[in-house]
Enquirer: 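My structure is below; once you've seen it, I'll send some questions.
Start at 1 and go down the list; that is how both ligands and their atoms are numbered. Hydrogens, waters and symmetry mates are skipped; everything else that's a heavy atom, side chains included, is used.
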Amino acid sequence: MTYDLPYSLVGKRVWVAGSAGMLGSSLCRRLKEEDCEIFDIPRKSLDLCRQLDVEDWMAEKRPHAIFFAAGTVGGIQANQDRPGEFIYDNAMMAINVINSARLFSVEKLLILGSSCIYPRLAKQPMVEKELLTGSLEPTNESYAIAKIAALKLGQAFRRQYGCDIISAIPANLYGPGDKFHPDDGHVIPGLISRIEEKKLRGGTLVIWGTGKPQRDFLFVDDAADALVFLMKKYSDEAEINIGSGNVCSIAELVEILSEIMDFSGPTRFDLEKPDGMPLKQLDISRLTQLGWSSKKSLLDGLKATYRWYCKEVRN
Ligand code: GFB
């Protein structure tokens, strides 16, 4: 099922669900260029896990378009420690928002997967049709199952009810607004906060795992730009990967961050910690063919992220 394109956001009421998060806040910044009315409701005022509350909000606000960027997210450790929360919250939020979008005839809804929804040993770079061809990475199975359910629900509603629901699968995102927790967050904010601590107090920087896993790190403002692009230019059932097209190993990442942060202390790999998927490289051919590619290099993105951390978190 294909709808008229481009879809215009001009004059539309646009709800960014999850506007407090890193991606949601970046989307709100990006949408300011679109001449639309942006709705962003704080997490404490609307619990997306509560179906009736979500429906009441939708009945009152009647958004034309929704970017579903909400989620309970975290790095490899958080995923392992809190699998119940990750599957329940993410599944509930997705089901409530997607079903409300159908009930209230939202014109267009964009939902998000994650590169961890691909099988652990998927062929690389991962093309969209690799989804559901093998077993998931155990460290993030709960999160991945909830995300896959969300994507499948969107596709089923598109097929059965004709809802204009599209889905994107982003690479590992990083940037301003990330969760800079030494243990709970993803690798980039985790390492930045731990390197900073070692600079201050000395001691050995511990890097989780072997340092060999490779990831496609995508700057969050690039991701937000890609999502706005897809909202306007894409309407089909098939998911679309969003990435930079490049990969970097964790050991290389440590080197780059050490250089940017002027850190030269001792380092050690903690082999007791999990590596997660050995390689996650997204095939971005479909997105490139549509006419979008990322702008920020990893080096510039990391510098911008560290600047933001120094200004907003450290001080
Ligand atoms: O960022 P991260 O947790 O994402 O970890 P995943 C990436 C790699 O960095 C893993 C290593 O191999 C980690 O072992 N690593 C090294 C560290 N030091 C650190 C550190 O201080 N903190 C963290 N977090 N990792 C997540 C999924 O997996 O990716 C989520 O668990 C989500 O569900 C997200 O999909 C995008 O790519 O391994």
Enquirer: For Y7, is the NZ or CZ atom of K232 found under 6.0 angstrom from the centre of its six-membered ring and inside 45 degrees of the ring axis?
Expert: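 Not satisfied by the 6.0 Å and 45° rule.
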
Enquirer: Do R158 and S235 have a side chain donor and acceptor closer than 3.5 Å?
Expert: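 Yes, side-chain donor-acceptor contact under 3.5 Å.
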
Enquirer: Using the ring of each side chain (for Trp, its six-membered ring), is F157 parallel, tilted or perpendicular to Y161, with breaks at 30° and 60°?
Expert: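 Aromatic pair F157/Y161 classed perpendicular.
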
Enquirer: With hydrogens left out, which residues have an atom under 4.0 Å from ligand 1, given that only heavy atoms count?
Expert: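 G74, G75, I76, N79, S114, C116, N140, Y143, N172, G185, H186, V187, R194, I207, W208, P213, R215, I250, P274, D275, K280.
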
Enquirer: Would you mind writing out the side-chain donor-acceptor pairs for residues 87-94 within the sub-3.5 Å range, not counting sequence neighbours?
Expert:
residue: D89; atom: OD2; partner: T72; partner atom: OG1; Å: 2.8
residue: N90; atom: OD1; partner: T72; partner atom: N; Å: 2.9
residue: N90; atom: ND2; partner: T72; partner atom: O; Å: 2.9
residue: N90; atom: ND2; partner: F86; partner atom: O; Å: 2.7

Enquirer: Is the shortest side-chain N to carboxylate O distance from D225 to K295 below 4.0 Å?
Expert: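 Judged by the 4.0 Å cut-off on N to carboxylate O distance, D225 and K295 do form a salt bridge.
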
Enquirer: Among side-chain atoms of D221 and S26, is any donor-acceptor pair under 3.5 angstrom?
Expert: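 Checked: D221/S26 side chains pair up, N/O donor to acceptor below 3.5 Å.
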
